[in-house]
> 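Have a look at this one before I ask anything.
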Amino acid sequence: MANIVIAGTQWGDEGKGKIVDLLAEQADMVVRFQGGNNAGHTLVINGKKYICHLIPSGIVQGKVCMIGNGLVVDPAVLLEEIDTLTDAGIPMGPDRLRISEKAHLIMPYHKRIDHARESRKKAGKIGTTGRGIGPAYEDKASRQGIRFAELLDDALFPEKVKRAVEEKNFFLQHFFSEDPVDPDAIIREYRNYARRLAPFVTNVSEELDTAIRAGKQVLFEGAQGTHLDIDHGTYPYVTSSSTVAGNACCGAGVGPGAITGVLGIAKAYTTRVGRGPFPSELSDAVGDCIQEKGAEFGATTGRRRRCGWLDTVLLKNAARLNGLTGLVVTKLDVLGGLESLKICTAYEWEGKRITEFPANVKVLEQCKPVYETLPGWSRDISGAKSMKDLPDAAVGYLKRIEALTALPIHIVSVGPERRQTIVLKNPFQGA
Ligand code: IMP
């Protein structure tokens, strides 16, 4: 039996949604373990596209989907997704969707503070998604957060909201010069959410334990990417949760022994949305071409993603931090038509060559990429079904990634559809 973690190796948007969708077929459960509605992936149901931010794509295949304790959940967004999917004909009962009683709530004041903080900053803006993610995790760490267990407690919930609002309103009014929030309105609004969401709330850790003991297969779906991790990413230009594979355990409530494999998802090039250093960024026509051909717009905010060459310093860092057992390369088709391709293999900083990812963001900002150039290919590869269908240059590009990262490539994606995938090794088979 296999229990696999899917982790992003870059700065998010690596195409994890498609791979989760593909592998969910063989899983019994799909679990999100961190982040919130800052993530986004597209679901196609009867030819129609839907963007989901919280509910894993396994829901469409009738899998049990779980929202682990490591998430911060905006209940309004979750209910909207439940309603949208129900309208699209997807059964959405509590037998399908489970929410950890320990997951934290995103409250209206979290979103207000997220916006206020970003608009107040002149320099050093993070470029957050504005969904209240950071402030919600701050409250979790400072022990002022409100969890689903408390949302369902009629006596405790108003008490906790009132206590929190006292401090938040002082902060909003006297630091940001913003209007206060109304605690009674929040309590009324969230009581409605509580009524609707109560049947879904459960002990996710216990349910996962029972399922894993019974031989069920679980897919742990990471959001964002390794370099947006609060500890290991390009701090402070990161999200506020731990995005690496190790957090699948903590954020879902399982022990490390349950995990049998970790697949790292890497786009065939690199993108980043929001601020922060990006050594292999392209600010030229090639970058524009990749951006356009790859339709690189954020699924959550619609922002144009910054594009650049593949960076194997990032990938090696991700391999170590996540304990990757295999790599998935996505969007290889997007690179078709470029005469030559570059791979960043090291950085140059103050005349020295470095191959370790620097912790100091100022150093990273000054790093110049060291490139290796490989031949491109002109043929459209979006119909490739196996490695044999790929031009030599595309195979050479993949082989070089394997050599530089010391990781085997298990899956190659050559288009958005499920059939546009070359599976070299299925993580759920032979486990
Ligand atoms: P936050 O998570 O909204 O606080 O945003 C912090 C940083 O993470 C910003 O640069 C966002 O653009 C980035 N970010 C958050 N979620 C995602 C994601 O799912 N994909 C890519 N970038 C993300």
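Numbering of ligands and ligand atoms starts at 1, following listing order. In this chain, residues are counted from 1 in sequence order.
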> Test your reading of the model: is there a side-chain donor-acceptor pair from S100 to the backbone of K102, 3.5 Å cut-off?
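Checking the backbone N and O of K102 against the side chain of S100, a donor-acceptor pair under 3.5 Å is found.
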> Are there any N/O pairs under 3.5 Å between ligand 1 and the protein, and if so, what are their distances?
| unit_1 | atom_1 | unit_2 | atom_2 | d |
| --- | --- | --- | --- | --- |
| ligand 1 | 2 (O) | N38 | ND2 | 2.9 |
| ligand 1 | 2 (O) | T239 | OG1 | 2.6 |
| ligand 1 | 3 (O) | T129 | N | 2.8 |
| ligand 1 | 3 (O) | T129 | OG1 | 2.6 |
| ligand 1 | 10 (O) | V273 | O | 3.3 |
| ligand 1 | 12 (O) | G127 | O | 3.4 |
| ligand 1 | 12 (O) | V273 | O | 3.0 |
| ligand 1 | 12 (O) | R303 | NH2 | 3.0 |
| ligand 1 | 16 (N) | N38 | O | 3.4 |
| ligand 1 | 16 (N) | Q224 | NE2 | 3.2 |
| ligand 1 | 19 (O) | N38 | O | 3.3 |
| ligand 1 | 20 (N) | D13 | OD1 | 3.1 |
| ligand 1 | 20 (N) | D13 | OD2 | 3.4 |

> Report the residues that fulfil side-chain contact (heavy atoms from CB on, under 4.5 Å) with L152, sequence neighbours left out, ordered by chain and then residue number.
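Here the qualifying residues are A194, A198, V201.
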> Verify whether the ring centers belonging to W11 and Y237 lie closer than 6.0 Å.
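Distance test on ring centres: not under 6.0 Å, no.
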> Looking at K168 and P180, would you say the former's side chain and the latter's main chain have a donor-acceptor pair under 3.5 Å?
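Such a contact is absent between K168 side chain and P180 backbone.
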> Under 3.5 Å, is there a donor-acceptor pair between the D139 and H110 side chains?
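Note: D139 and H110 side chains meet the donor-acceptor criterion.
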> Counting only heavy atoms from other residues, nucleotides and ligands, does the tally under 6.0 Å from NZ of K125 exceed 12?
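Check passes, neighbour count above 12.
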